[in-house]
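Naming convention: chains lettered A, B, ... in sequence-line order (proteins, then strands); numbering from 1 in each chain.
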2 protein chains.
Amino acid sequence: MLDVGRLRLLREVGLRGTIAGAARSLGLTSSAVSQQLAVLEREAGTALVDRSPRGVVLTGAGRLLAARAAEVLDVLTSARADLDRIGGSVAGPVAVASVASAAATFVSAAVTGLRAAHPDVSVTVTAAEPSQALRLLVAGDVDLAVVDEYDYVPLALPEFVVVRELCTEPLVAVGPAGSFGRRRPALADLAARDWVMPPDDAACGLAVRSACRAEGFEPRVRWETDDMLLLVRAVEAGHGIAILPLLSVPDGVADVDVRPLREPALERRLIAVARASAMGRPVVGTVLEALVEAAKHTLTSQKRQFARPSAL
Amino acid sequence: MLDVGRLRLLREVGLRGTIAGAARSLGLTSSAVSQQLAVLEREAGTALVDRSPRGVVLTGAGRLLAARAAEVLDVLTSARADLDRIGGSVAGPVAVASVASAAATFVSAAVTGLRAAHPDVSVTVTAAEPSQALRLLVAGDVDLAVVDEYDYVPLALPEFVVVRELCTEPLVAVGPAGSFGRRRPALADLAARDWVMPPDDAACGLAVRSACRAEGFEPRVRWETDDMLLLVRAVEAGHGIAILPLLSVPDGVADVDVRPLREPALERRLIAVARASAMGRPVVGTVLEALVEAAKHTLTSQKRQFARPSAL
DNA sequence: ATTAGGCATAAGCACAACTTACGACATAAG
DNA sequence: CTTATGTCGTAAGTTGTGCTTATGCCTAAT
């Protein structure tokens, strides 16, 4: 049976992008992490990370396994939460910083849900990009940060934080109405198109560009913006196609076609981050659990949307 | 963080009903199991098992935690399967013994799915009660057994087997049309009713009787049968109400109302069992995975049924 | 009574996982 | 080019956890 400690380690390495960083955040030496990672690779029978002197990046198998690891760890912390819930009441203020697309969807849902279940908990939400959200987190201005993470773009988390996976959503191709065939497009099929894209300093833009290069082409970017509404309008106007996380596509503001990619299956992971010290407050744990639950439901309802393509 | 080894141990104890039995099946001494269980209880802060000289039975918290443990272990073996799937083809005959309700639903679905995905795998299914299925398993007549397990009724698995959780379904109250109110009934509300029930030597009957006694009443049994079709017809005819696992309620053969219980949340767990030695054959693992997948889908489609109460 | 099964505790041992120490390599700054 | 600081990996020594063995107590069946 695969060892969970090693799996956690793998996930942390994937999140931090370096072995040394993972070691710091786990309170170990980099030597220990290196050794355990080697053991895990031997057990798995495959390379799980690509080593480079500047850090490491997860291979395909590594990402797969890291995703499973996140599942396992989430269940474990849920179990711990179950046990804690038997005893002890929760109340107090909790500040959350969240990326906009999550704030507009499941974070909002979680807060309304909490208002009913725990009336004494008062949550305040501020929208912030991941880097700013993490700054607010370490500064102590917020208790929880909801940030996103893309393939090819390690997250570089600060130290002394705990991480909780919220949901994984597909990146979808967005194009003018009728611009894709019946079938879900492969990324390689889109090489010749014009592109509308978030700027390169946004993780999303970087991830998509990296994925395109991995497919062997450089996207011809005609329009660049990080305003999702403007971006979708630009697509509608025919300036190009875009690839975005599903939750970031504004609903019903433009007549565009949305299709998940057939291949490669690009994803965005939404994760919640808390200062390890803040986990002493049971309220924070409760809010975190509420976020996890709400994210799970949002994800399934999104899936249902795709079952009825006409709804998009 | 909760230790997975200890969680597996807890689950095994719950399944076997005795510490010594769990120890044998894990290849440990009963002393080790006892010690680790004590550690887990200290970590959890609650009693997880009720000790008696004749064995142990899980407490509420213990069942909760054991369920989480099953989740974790399932994810882990899925991860292992992911890794193995990268290399190695599967073919050959596999014999499965299954309880009827599962055979009629997701086992059938799994087999049709497998026919498409792995044409060289030939599965044969025989319907059998849990005890007989396990006998066939240890005798080597079948490679996999799909059996069910109820609260209050430990399963007493044989040794040298591996266990995989398939799905957990609610026990539902079945009554003549219109016999329940709008709201989901609590078990205590049904104390004064007449009952139709499987016999006491079926795990289902024993579990329901135990649950009733835990609620402080003895069910007035007017009709006793283990034929599900006859049972439902008896309910329709007004001889009493019944409590059955959802999958065991035949679909569309009688005009009855089906309601999940509000409280307590009784459940049936369906699990797959294989001889540990048979896991050397990759085919067996593949069929097992297919069962897990099919069970998962069956469960979600059942949930959807309950979203539209009229459909029942 | 005696046997056989269950569970818990005490004491000792073994291995796994950690730390420390070191070497190789890459980048950035002097 | 040299130095400093970052990365990762390997080797060797240490420690703590989780096992076994040994023992005792309890209950149910013979």
Apply the test salt bridge (Lys or Arg N to Asp or Glu O under 4.0 Å) to residues B:Arg63 and B:Glu149: give CA-CA distance (whole Å), side-chain angles for both, the deciding distance (0.1 Å), then the verdict.
CA-CA 12 Å; B:Arg63 279 209 292 270; B:Glu149 187 223 3; over 6 Å; no
Take atom CD in B:Glu129; do more than 12 heavy atoms of anything else shown fall under 6.0 Å from it?
no
Between A:Leu40 (CG) and C:dA17 (C1'), how many Å, whole number?
14 Å
Whole angstrom is fine here: how far is it from CG in A:Leu26 over to P in C:dT19?
11 Å
Without decimals, in angstroms, what is the distance between A:Leu9 CG and C:dC18 C1'?
12 Å
Side chain A:Arg220, main chain A:Trp195, donor-acceptor under 3.5 Å
no
Spacing between A:Leu37 atom CG and D:dC8 atom P, to the nearest angstrom:
10 Å
Answer yes or no: is there a donor N or O on one side and an acceptor on the other, between the side chain of A:Arg213 and the main chain of A:Pro219, under 3.5 Å?
no
Show the distances under 3.5 angstrom between N or O atoms of the protein and N or O atoms of nucleotides 2-6 of chain C.
none

Starting the side chain at C-beta, find the nucleotide from C:dT19, C:dA8, D:dC19 nearest to B:Ser34.
C:dA8
Between C1' of D:dG18 and CD of B:Glu43, the distance in whole Å
13 Å
Classify the side chain of B:Gln35 versus the base of D:dT17 as yes if they form a donor-acceptor pair under 3.5 Å and no if they do not.
no
Given atom CE of A:Met1 and atom P of C:dA16, what is their separation to the nearest angstrom?
18 Å
Once you round it to whole Å, what is the distance between P of D:dT10 and CZ of A:Arg51?
8 Å
Verify the contact: side-chain N or O of B:Ser30 to OP1 or OP2 of C:dC7, cut-off strictly under 4.0 Å; return yes or no.
no
Between A:Arg6 and A:Ser31, which residue's closest nucleotide on DNA chain C lies nearer the 5′ terminus?
A:Arg6
For A:Gln36, which contact category applies under a 4.0 Å heavy-atom criterion: base, sugar-phosphate, or nothing?
sugar-phosphate
Using atom types as modelled and distance alone, determine if a side-chain donor or acceptor of B:Glu41 lies under 3.5 Å from a backbone N or O of B:Leu48.
yes
Starting at atom CG of B:Asp3, determine the distance to atom P of C:dA16, rounded to an integer number of angstrom.
16 Å
Using the side chain to side chain contact (heavy atoms under 4.5 Å, CB included) rule, take A:Val4 and B:Met1 through it: C-alpha gap first, then chi angles, then the decisive distance, then the call.
CA-CA 10 Å; A:Val4 175; B:Met1 185 69 56; over 6 Å; no
